[in-house]
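Taking it in order: structure first as structure tokens, then the write-up.
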Amino acid sequence: MYAQMVKTSGDKVKTPDEMTAQERAFQARIDADIKIEPKDWMPESYRKTLIRQISQHAHSEIVGMLPEGNWITRAPTLKRKAILLAKVQDEGGHGLYLYCAAETLGISREEMTEALLSGKAKYSSIFNYPTLTWADIGAVGWLVDGAAIMNQVPLQRCSYGPYSRAMIRVCKEESFHQRQGFDIMMAMVKGSNEQKAMAQDALNRWWWPSLMMFGPPDDTSVHSAQSMQWKIKINTNDELRQKFVDQTIPQADYLGLSVPDPDLKWNEDHGHYDFGAIDWDEFFTVIKGHGPCNRERLRARNRAHEEGRWVRDATLAYAAKHADKAHSRSAAWIN
Ligand code: 3HC
């Protein structure tokens, strides 16, 4: 049950000759950077691709609250605790904006929640790894939120209005998240030898999974070509991964930490870092539901859903009571 089993399928991108007149007009709007809004006509597969991507993104934010939420009660100081609490709440907020953006495409919140809880929906691979020490909270903020920003800043320009607008707000908050993670890492590396060793250990464990967050290599990314034609994605997975490596290595140097990659080398000719091979078997094992924490994450979400049932029931009952009162008041007024 706890496997993220949505089947991957990528349709071939249509040439202008293969498109209908309506599809050509739609593509022309996208090429002219005119946003597509919920009531506009859109190809069915554009709508489905957006639902898939936005809902996976929303689930990632919601499941992403778990690894860090795990440390709220154990944060080393009151200040760190308040910051972490605010950050985890932000992630919950991001999930809610994104579910709302997906709802504008005709899917209900209940359908998306059911897909997540049953293990059918995907969410980011990264959240299936455990946060073992406080330094992991630093590494998650620095690397995971750093990778998330790299991917999400271009999405502010995506073609679908509600998703693009949600991304503008989300990116502002992610930037604070990344800084708080780097700040934790700075404090750790300036601390005792043991603290510096914890920071290095966290980097060792989070580095490769962070690179996997960008998705499979371009030659096996089934959705990229069509999503880029529709500006649902602005960059390829490999482009963003390379930008992330180029941006992050100087930060690791500044921290005095070393990235666990013996093949990492600055390439003068290309003006980029070359890096070692990513273990794609590990990535596919994780997204098929067999990572270190997949079961634990889905168990936690299912438990939270059950424990929150009385709140949903109470708010619905309250809304129904008020709707009844409003109805009786307007009936009395008409009579
Ligand atoms: N984890 C899980 N599944 C992944 C994945 C990852 N890191 N990367 C790719 N996949 C899945 C895809 O969802 C797709 O599966 P599907 O067909 O069943 O839906 C399959 O692998 C093939 O990959 P593609 O490259 O063809 O898929 P996409 O074109 O959708 O690209 C993506 C993947 C780059 C993640 C893209 O969907 C995207 O940009 N999404 C929006 C951003 C997002 O969801 N980020 C998740 C992290 S959010 C976050 O980290 C929160 C923060 O607060 C820290």
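Counting convention: from 1, in listed order, for ligands and their atoms alike. In this chain, numbering begins with 1 at the start of the sequence shown. Because the structure is predicted, anything quoted here is derived from the model rather than measured.
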Heavy atom of [X] under 4.0 Å from ligand 1?
X	value
E174	yes
Q152	yes
Y163	yes
S227	no

Considering [options] one by one, which has a heavy atom nearer to [atom] than any of the others?
atom	options	answer
atom 18 (O) of ligand 1	K87, E68, K122, H94	K122
atom 23 (O) of ligand 1	S55, G215, P216	P216
atom 25 (O) of ligand 1	P217, S221, A148	S221
atom 33 (C) of ligand 1	M228, K288, K233	K233
atom 50 (O) of ligand 1	H223, H57, M213, R241	M213

Taking heavy atoms and a distance under 4.0 Å, where does [X] meet ligand 1: side chain, backbone, both or neither?
X	result
L240	neither
S124	both
Y123	backbone
V286	neither

How would you list, by chain and number, every residue that makes a side chain to side chain donor-acceptor pair (under 3.5 Å) with T133, sequence neighbours excluded?
->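 So T133 forms a side chain to side chain donor-acceptor pair (under 3.5 Å) with D136.
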
Compute whether any side-chain donor of one residue and acceptor of the other, for [X] and [Y], lie under 3.5 angstrom apart.
X	Y	answer
Q56	H59	no
D238	Q242	no
Y97	R169	yes

Does [X] reach ligand 1 with a nitrogen or oxygen that is under 3.5 Å from one of the ligand's nitrogen or oxygen atoms?
X	result
E61	yes
F214	no
I287	no

Heavy-atom contacts with [X] under 4.0 Å: which atoms of ligand 1 show up? List them by number with element.
X	value
Q56	13 (O), 16 (P), 19 (O)
E91	52 (C), 53 (O)
M212	7 (N)
F283	4 (C), 5 (C), 6 (C), 7 (N), 8 (N), 9 (C)

Report yes if some heavy atom in the side chain of E61 is under 4.5 Å from a heavy atom in the side chain of H57; otherwise report no.
->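 SC-SC contact between E61 and H57 confirmed.
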
Do R297 and L116 touch side chain to side chain, with heavy atoms closer than 4.5 Å?
->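 No; the side chains remain at least 4.5 Å from each other.
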
Between CE of M19 and CZ of F26, what distance do you get to the nearest 0.5 Å?
->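 M19 atom CE to F26 atom CZ measures 10.0 Å (nearest 0.5 Å).
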
How far does CG of L255 sit from CG of L203, to the nearest 0.5 angstrom?
->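 Result: 8.5 Å between the selected atoms.
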
If the plane angle is over 60° it's perpendicular, under 30° parallel, otherwise tilted; pick one for F244 and W207.
->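 Taking W207 first and then F244, their aromatic rings lie parallel (interplane angle under 30°).
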
Using a cut-off of 6.0 Å, state whether more than 12 heavy atoms not belonging to Y254 lie near its atom OH.
->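 Not more than 12 within 6.0 Å, no.
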
Mark yes when over 12 heavy atoms from residues, nucleotides or ligands other than R74 sit less than 6.0 Å from its CZ; otherwise mark no.
->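 Atom CZ in R74 is packed in, count exceeds 12.
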
Would you call K233 and E239 a salt bridge, taking side-chain N to carboxylate O under 4.0 Å as the test?
->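 Result for this pair is no, no salt bridge flagged.
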
